[in-house]
Structure formats: structure tokens, C-alpha cells
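Residue numbering restarts at 1 for every chain, and letters A, B, ... go by the order of the sequence lines. All heavy atoms count here, side chains included; hydrogens, waters and symmetry mates do not.
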2 protein chains.
Amino acid sequence: MKYSNQTRILVAVDSIVFGFDGSEYKLLLIQRGFAPEKEKWSLMGGFLQPEESLDEAAKRILKQLTGLQDIYLEELKSFSRPNRDPIERVIAVTYVALIDIKKYQQQINDDFHARWFPMKELPQLIFDHQEMVEIALNKLRYKAAFHPILFELLPDKFTLPQLQNMYEGLYNTKFDKRNFTRKVLSTNLLNKENDKDKLNSKKGAFYYSLDEKQYKDTLLSIQNFIPLTEING
Amino acid sequence: MKYSNQTRILVAVDSIVFGFDGSEYKLLLIQRGFAPEKEKWSLMGGFLQPEESLDEAAKRILKQLTGLQDIYLEELKSFSRPNRDPIERVIAVTYVALIDIKKYQQQINDDFHARWFPMKELPQLIFDHQEMVEIALNKLRYKAAFHPILFELLPDKFTLPQLQNMYEGLYNTKFDKRNFTRKVLSTNLLNKENDKDKLNSKKGAFYYSLDEKQYKDTLLSIQNFIPLTEING
DNA sequence: CCAAAAGTGTTATAGCTACACCCATGC
DNA sequence: GCATGGGTGTAGCTATAACACTTTTGG
């Protein structure tokens, strides 16, 4: 039995994958393998299959296109303008993913054809993918102000200067490092390690790691990472 | 031309319509007019049509089922478990709407068959609509803590005690009225009127109205309406 | 020895919370 | 005249923002 007199539609899943390499934000793109817009740059996309949910589809597609697994992935919003795809009607449900670029760089380069583009040097994207990226970036700015999600972009061990760079990069601003350090440490999310990163300075900066238990407890609660004045403009 | 070898799927739009009548929150439900689950209570739902976006579909369906127009409507999330509808595969994109119950009560009762249910006395809902409501309510609590969206639930003129009731109802808590008044007035969102509401007290409470310009400027910015402790639990 | 980045403390201010009494009116 | 809900001010505390110097070490 079916519902009668209704139109069935193709459903796509597109993932906006943000990465951070220690100094700047990048977006993961892939060259589309089929017409239209074959060879143009695209988000990580594919069609929803009969036996999977959208969450599952997003995970599957990301794995197929990049090998990435077990990463932060969250629904963003749907895009459904009737003519957004010239071939036929397709609605897209978008997801945002956050990953530490270095952790997967080899894998992505060698086995797949996805490529990282600095946020300021994005190529032209197919369809409405440009708009998806802008909305995703705005949501990331919004959400990161209250929830410690940016840690998803860092390696297991990272330094406070790296962490501050990451926040400053997202909001295009500079924070006082004394205040930033105090605020971050007051969350009890970080454990100080005994060794230092000596690549970025002569003195070396202590590594910290995420306290996984605290992190999971805190993800859904609301902190205040960024002064409201930075968000409201 | 079409994409080949892909499955096309029914896309539904379901709207969670929250209302406030001055003392409690209610949910607008309708008796489903077709099988399966005919006559059972359902959110305001319908199928996406070929020439409309999801936003447009949500508006159209709401108008068809309730006569409601020009109300606050925002995408929530998609629901796509493969067997969520027993007839055939349907993915649903949900929207949340906020309205002042009294403003439309006549219209809804007389011309349509939608009905308001107090949040604590909801009937069994079809499919996964129960889950949709819970997620919508959580998001409303989250969002209302930082953005003045709850004003959508109030009539054009309202009193500070009504406003406070509305916030207290959403968070199931009580606020100190001196602090609440000060915080609300400090936003400059409200204009004091000259007349009073004398229905709810002998002394009467002054009416206030939204400053439309301030409101539009403020909607996207982030305030702090509710102490974080109330949200984080 | 010097350049470059890491690390650290104090003070002033603003915003928040807690708290209690008087006012206006209908009955 | 009294019961009911509306309206208002202050003081202590906490969180935030602004600010500059010392430390370490590779070259």
C-alpha cells in the first residue's frame, strides 16, 4: 500500500566538513563525479538510500568519500528550493562535521580525492553549496560561543595558545590571553600534561588534553566561552 | 533527464504549533483525516508538493489546516527513521510555530478541526510525533533563554506579570519579580502603554507593547533572559 | 645576548542575586 | 477595611575586562 496522488522526491545529504590545522580553518571539498557540474567542487554529498536514516546516510557518505569515521556530525538544516538542482527536484538535508585536519590528512590525500581549501580561498561550489557553507559557519560561530564543540577540531593533545588561536580565528578577533586562559581552565575541561610542544616556540607550551568525562557532561550544558559583544557585533 | 538508479521518497512537513493563553502552554493538534491512524491526533502535517519549498509547504499546510497566517515559523529538524510511517517510507521535516492562542481561537474552533491541548494533557500522537514535540520543547527552552521569541506568544498588549508567567511556565520555575522586571525593561524592547489590564487583579497591571523596530534588531542578537542555572539544570 | 612566545595577578567595574514593604482597588 | 496582586530600591557578591612584566630557550 502507498499514499496516492503524491509526488516522491530525491533526497540528498550534504555535509559541510570544517577542519582546523593549528592555524587556520579549512573546508573539505570533493570533485563531483557525475553530471551536471561534473568535476566542479562540491560538499560531501550523496542520495538517501531506502534502508537508512539521514544520520546514517551522512555517516555513510562521509566514509565513502573520505574514509572519515566516528567524527562530530550534526544536522544543520534542509534546502528545498524547487530548482536548486537542474536535473530534477532534489531536496538536501545538510550536516556539519568538525575534524582535526592533521589526524586524517594522509588518509584523505592518498585514498580519496577530497581536498582541504582555506576558508578564504574557496572555489566556486555547485548549486547552493555556497549558501550552505555560509549558514553552517554562522551556526558554528553561534554554537561555539556557548558549547565546547571546537575541541573536536584539535588533536588529543593541544596547547593553550593553539586553543586560543582557534577561537580567535573563528571570530576574527583577539582575546587577552590571561583572561582566556582563566576562563578556559575554570571549566575544568582540561587536564594539563607534563610535556610541552616545542615546535611553535622556543620556550615551549604545555600540552593539555580534554577530560572526556567532563566534556561529555558539559557538551549539552551552556557555558560562556565568548563575550556576547563578539557575537552580537 | 533524471538521476538514474535512485529511490525517490515522500517528504512530509509537520509543524509543532505552541500556544500560550496567558496562563499555560498548549499544543495545537488535528485529527488525521486519512489512513493509517485516521482520527488519531497528529501535528499539522502534509506532503511537500512539486513546486514549493519546505518553508512554503509549512506555511501552506498550516493555513489549510488552521487558517493561521503570518506567524512565527522556524525549521526544527528532520525525522527519517525508515519505518516511521507504516504505509511507505516518508521523511518528515519539522517546523515550530508560536502563536497567541486567543488571537486565533475563534477562527480555529469554528472553521477547522484543530484543537488546543494543554502540554500536560496531550493525547497519544501518531508515529513519532511525540518525540518531535519533546525535541521542539527543548529547543524552545534553549532558544528562549537568549532570544526574545516568546513575545510571539503574547497579544499586542500584555502586562509584565503575564510575561513573567510565560517565562516561568516554560522553565517550570519562579523568578523574583523585581529582578525580572529590571532585566526585561533593560532590553528596551518594551513600550509602556497608558492603560491597564484589570481582569487579573484589582489594582490592574500596566500594559506594555513590543517596540517592533527594537524587536527586529534584537531577534538575531543574543541576550540573556534566563539565568544559565535554570537551563543547565 | 637577544628575539619570540609562554606564562602569570591585581584592580575597577558591571551585572547579578537576594530580599520586604507599600500601593491601588473591588468586594 | 481587608484581601489580592502590582509595583518598586538597595546592598553584597560574583564575574568580567583591562592592563604589563618576567621566564625560557633556540639561534
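Side-chain atoms of Ser209(B) and Glu193(B) form a donor-acceptor pair, as typed in the model, at a separation below 3.5 Å. When only modelled atom types and interatomic distance are considered, Tyr95(A) and Asp55(A) share a side-chain donor-acceptor pair under 3.5 Å. Side chains of Tyr104(A) and Gln69(A): a donor-acceptor N/O pair is absent below 3.5 angstrom, by distance only.
Between Phe206(B) atom CZ and dG6(D) atom C1' the separation is 10 Å, expressed in whole Å. If you take CZ of Arg182(B) and P of dT10(D), they are 11 Å apart, rounded to a whole angstrom. Rounded to a whole Å, the CG atom of Asp176(A) is 14 Å from the P atom of dT16(D). Between the CG atom of Leu199(B) and the C1' atom of dA24(C) there is a distance of 16 Å, given to the nearest Å.
Taking only side-chain nitrogens and oxygens, Lys202(A) never comes nearer than 4.0 Å to OP1 or OP2 of dA6(C).
Candidate nucleotides dG26(D), dG9(D), dT23(D) were compared by shortest atom distance to the side chain of Arg178(B), and dG9(D) ranks first. If you check dG26(C), dG6(D), dA17(D) against the side chain of Pro161(B), the one that comes closest is dG6(D). Side-chain proximity of Asn179(A) to dT17(C), dA6(C), dA18(D): nearest is dA18(D). The side chain of Lys203(B) lies closest to dG5(D) when the candidates are dG5(D), dA6(C), dT25(D). If you check dT25(D), dA5(C), dA17(D) against the side chain of Ser201(A), the one that comes closest is dA5(C).
Within 3.5 Å, a donor on the side chain of Lys177(B) pairs with an acceptor on the base of dG7(D), or the reverse.
Judged purely by atom type and a 3.5 angstrom limit, Asp128(B) has no side-chain atom pairing as donor or acceptor with the backbone of Glu131(B). With Tyr72(B) contributing its side chain and Phe151(B) its backbone, the two residues share no donor-acceptor pair below 3.5 Å.
Using a 4.0 Å cutoff on non-hydrogen atoms, no part of residues 190-197 of chain B comes near DNA chain C.
The ring-ring contact (aromatic ring centres under 6.0 Å, His included) contacts involving residues 125-144 of chain A comprise Tyr142(A)-His147(B), where partners must be two or more places apart or lie in separate chains.
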